[in-house]
Amino acid sequence: MANPKVTVVGAGFVGATTAQRLVEKDIADVVLIDVVEGLPQGKALDMMESATVEGFRMRITGTNNYADTKNSDVIVITAGLARKPGMSRDDLLAKNAEIVGGIVDQCVKYSPRAVIIIVTNPLDAMTYLAWKKSGFPANRVFGMAGVLDSARYGYFLSEELLCAAGDVEAVVFGGHGDDMVPVPQFTKVKGRPVTELLPAEVIEKINQRTRDGGAEIVALLKTGSAYYAPSASVVKMVKAVVQNTGDIMPCCVYMNGEYGLKDVYCGVPARLGFEGVLEIPVWQLTEKQQKELAASAAHVQENCSKLKL
Ligand code: TXD
């Protein structure tokens, strides 16, 4: 059987790191594409030259030509501007909408059966735009944010609990913005909810650090935004799709009545496999969390209405 084929659009920090993780873990052959001539080719060649040292078998190629992305199983779109200090994710809306819209047109032409995973910010609005532009069923277009926000939440909790980060299964709902909704009662350490392990005020402090997690990194880096944890998160999602694992993880998905939300993309746990989103199981939130989720979705809707789709 042929190896899975994954196209990563954007050979910047998130795109290149995602590509590197995908080939090094032997998850898929990768096509890395960017508008800048030579950039994806150079990074791809550099990665292939590491294959003898790292011992991976998958191949990565760099290109500026969408014909090379033909028949991809998954397309990851990371192209666009990233935040600078003082900028919100929403400040990127108009420019990145233009970039992502053009890319989706090209990608669907060559890979009409692909699953599309959006990474570009503002994440939820870009995912909605990609879905509209693609003409694909909603289960085949979704976004990465919840896995990252949950990873940050889990790491911060592990520091407080002095446990291994990998032992924390954290869950964050909502849009990828300051109004995301960490859900401690479903966040577990070896099966025990953190609500049983930490006082409420400590959890609330960590919830807030999670909401500010992206900005904390932007403030330190000064010239760009996070990419190690984001790329690890994308790879977790791609793996679930190409290996048809059926794993459940928070994703930015199209809501069709779940949690009382309709015709909006928002972050909730979803089951992933070959066909993209296989199922959106509905978990019982508190009344407060349900309200926060609705407010976060309303914010996404407001952004989407500016796109005039
Ligand atoms: O949780 C999440 N979803 C995110 C999102 C986590 C981290 C970063 N997040 C967002 O991803 C960030 O706000 C940006 O919107 C994207 C990409 O971030 P990255 O840090 O990788 O930005 P870079 O390094 O500037 O890379 C962007 C690349 C760069 O190489 C450009 O030349 C390329 O995108 N680019 C294009 N490629 C192809 N086609 C077009 N039109 C294009 N325009 C720019």
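Along the sequence shown, the residues carry numbers beginning at 1. Just follow the structure's listing: the first ligand is 1, and inside any ligand the first atom is 1.
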* Asked: Would the Tyr128 and Tyr254 ring centres measure less than 6.0 Å apart?
  -> no
* Phe13 to ligand 1: N or O pair under 3.5 Å? -> yes
* To do: Of all the heavy-atom pairs spanning Arg140 and Pro112, show the shortest one and how long it is.
  => NH1-O, 3.3 Å
* **Per-residue contact class, Leu81 against ligand 1 - non-hydrogen pairs under 4.0 Å** => backbone
* Contact atoms of ligand 1, heavy-atom distance to Pro230 under 4.0 Å -> 6 (C), 7 (C)
* Asked: For Leu92, is at least one N or O under 3.5 Å away from an N or O on ligand 1?
  -> no
* Indicate yes or no: does an N/O atom of Val119 lie under 3.5 Å from an N/O atom of ligand 1? => yes
* To do: Could you check which of Asp34, Val36, Val100 puts a non-hydrogen atom nearest to atom 28 (C) of ligand 1?
  => Asp34
* Enclosure of Glu287 CD (heavy-atom neighbours >12, cutoff 6.0 Å) -> no
* Is the closest N or O pair between Ala79 and ligand 1 shorter than 3.5 Å? -> no
* Asked: Would Asp90 and Asn303 count as having a side-chain donor-acceptor pair, cut-off 3.5 Å?
  -> yes
* Asked: For atom 34 (O) of ligand 1, which candidate among Gly80, Gly12, Ala16 provides the closest heavy atom?
  -> Gly80
* To do: State, without any angle test, whether Tyr110 and Gln106 hold a side-chain donor-acceptor pair at a distance under 3.5 Å.
  => no
* Does Thr120, backbone or side chain, put an N or O under 3.5 Å from an N or O of ligand 1? -> no
